[in-house]
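Report on the structure given below.
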Amino acid sequence: MNKYSQAYAKDLDAQDELAIYRKEFYLPEETIYLDGNSLGLLSKRAESSLLKILDSWKRFGIDGWTKGKYPWFYLSEKLGNLTAPLVGAFPEEIIVTGSTTVNLHQLVATFYKPKGKKTKILADELNFPSDIYALQSQIKQKGYDPDTHLIRVKSQDGKTLNEDEIIAGMTDDIALIVLPSVLYRSGQILDMKRLTKAAHDRNIRIGFDLCHSIGAISHALHEWNVDFAFWCNYKYLNAGPGSVGGLFVHEHHFGNVPGLAGWFSSNKNVQFDMEHVLTPAHHAGAYQIGTPHLLSMAPLIGSLEMFAEVGIQKLREKSIKLTNYMIELVKNELNEYGFILANPLEEIKRGGHVYLEHQEAASICKALKANGVIPDFRAPNGIRLAPIAFYNSYQDVYHAISILKEIMVEKKYKNFKNTREVIA
Ligand SMILES: *Cc1c(COP(=O)(O)O)cnc(C)c1O
């Protein structure tokens with residue numbers, strides 16, 4: 001069969017054992033949604049778990065903290081337990097709390113202890129701005145100048161990082177390292193195991209931002225000895241806009257006092273003693289601050305149930321097939337139109353999305369949207385396309401690339417301005 005035909009895509013869908021999950025999600029009508037790496041879609045189970053939490057408020061009022069199917073007082077811990085298999089951690093090493101940026105602040109406030117010669121933080125020049133802002137402000141909090149104390153590893157090609165160069169940056173003056181697991185633009189996976197070992201050999205603590213890897217690839221954070229990690233749950237984990245995030249702290253560090261404390265940092269048995277001396281929980285729960293945002297956490301219950309059913313391995317296998325297929329189509333169909341395939345081609349180095357660069361990326365993304373395909377534009381010239389294992393099909397990929405080809409052949413993108421919208 002012709003590998004570039006629709007029949008071929010149909011055949012792949014027919015063989016796909018995860019295809020049954022598509023009907024578990026609300027797919028926008030007449031739309032091919034390829035933006036699940038920015039905001040995952042709502043599933044029926046996430047909707048139902050949100051309604052259950054609302055219902056326990058309706059029925060029990062304040063007693064919802066301890067009653068109902070999901071007593072609120074223990075929900076952050078319970079969801080942490082359910083997240084553990086996705087990142088390769090012990091259940092107590094995870095807590096669902098905060099947001100990516102808040103959790104980064106919490107972890108840096110805890111793990112960044114400049115002392116003697118070791119005063120600097122090592123990051124990279126391709127990371128998401130929020131992470132960089134948080135690191136800069138944490139450095140200022142300690143009385144240092146971010147211009148001299150935040151070291152950013154350079155990228156040679158503007159898309160990817162080289163692990164050897166990161167390791168070369170682990171010099172004597174570095175106290176802490178914060179890196180992404182998967183780069184948000186190019187989708188490159190960094191070798192977390194190798195980087196963690198190199199950091200520890202040099203007596204440096206290291207943490208990772210898993211926003212673009214959690215729910216997309218498997219991890220072994222505990223085994224790799226990663227000190228800490230943090231993420232959001234609204235991308236591949238489909239827990240909804242602004243949903244509560246999560247964090248990991250290795251059990252080696254249990255018993256540390258959190259940098260930013262609050263009454264939810266407490267050991268739960270004594271929290272309501274209302275003492276003015278904090279007794280922190282002896283697990284990742286210590287990194288909570290205040291009352292959990294229950295309604296923004298509730299959809300994760302239903303979503304994680306599906307991840308538990310399928311397992312991250314199978315999702316990753318399908319995701320690789322989807323991105324490989326998309327890459328094949330891009331190479332075959334779009335090679336005359338000025339696109340650069342800017343994600344790593346090697347499977348083990350590639351996260352869950354495909355990244356194309358083009359001079360007209362902004363107008364191409366607008367044309368895609370006008371033609372029923374939802375991509376993700378990243379300034380100045382990037383197009384991210386994320387076929388999601390849970391709800392995208394091979395035919396989605398086929399149609400999206402056909403539509404993109406038509407936009408290029410007929411120059412439809414010329415009808416749109418090559419500038420970004422407020423939200424891109
Ligand atoms: C999505 C994302 C964020 C978002 O942070 P929030 O605190 O959830 O707004 C931060 N860092 C990276 C790498 C991301 O991909």
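As the structure lists them, so they are numbered: ligands from 1, and atoms in each ligand from 1. FYI, side chains are in, hydrogens and waters are out, and symmetry mates aren't considered; it's all heavy atoms of this structure.
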[X] heavy atoms, cut-off 4.0 Å: which ligand 1 atoms fall inside?
X: Thr101; value: 5 (O), 6 (P), 7 (O)
X: Lys235; value: 1 (C), 2 (C), 3 (C), 14 (C), 15 (O)
X: Asp131; value: 10 (C), 11 (N), 12 (C)

Residues that Phe90 engages under ring pair (Phe, Tyr, Trp, His ring centres under 6.0 Å), provided they are two or more places apart: His222
Among all the protein's non-hydrogen atoms, which is closest to [atom], and how far away is it?
atom: atom 8 (O) of ligand 1; result: Tyr234 OH, 2.6 Å
atom: atom 5 (O) of ligand 1; result: Thr100 CB, 3.3 Å
atom: atom 3 (C) of ligand 1; result: Phe128 CE2, 3.6 Å

Under 3.5 Å: N/O of His212 near N/O of ligand 1: yes
Part of Val102 within contact of ligand 1 (heavy atoms, under 4.0 Å): neither
Per-residue contact class, Asp209 against ligand 1 - non-hydrogen pairs under 4.0 Å: side chain
NZ or CZ of Lys268 within 45° of Phe73 ring axis and under 6.0 Å: yes
Cation-aromatic face contact Lys369/Tyr33, 6.0 Å, 45 degrees: no
ring-ring contact (aromatic ring centres under 6.0 Å, His included) partner of Tyr21, chosen from Phe307, Tyr391, Phe390: Phe390
Stepwise salt bridge (charged side-chain N to carboxylate O under 4.0 Å, His left out) test for Arg378 and Asp376: CA-CA 7 Å; Arg378 279 295 169 263; Asp376 197 48; 3.6 Å; yes
Residues 280-287 side chain polar contacts: donor-acceptor under 3.5 Å, at least two apart:
| from | atom 1 | to | atom 2 | distance (Å) |
| --- | --- | --- | --- | --- |
| His283 | ND1 | Gly285 | N | 2.9 |

Stepwise side chain to side chain contact (heavy atoms under 4.5 Å, CB included) check, Ile364 with Asn418: CA-CA 8 Å; Ile364 292 169; Asn418 194 31; over 6 Å; no
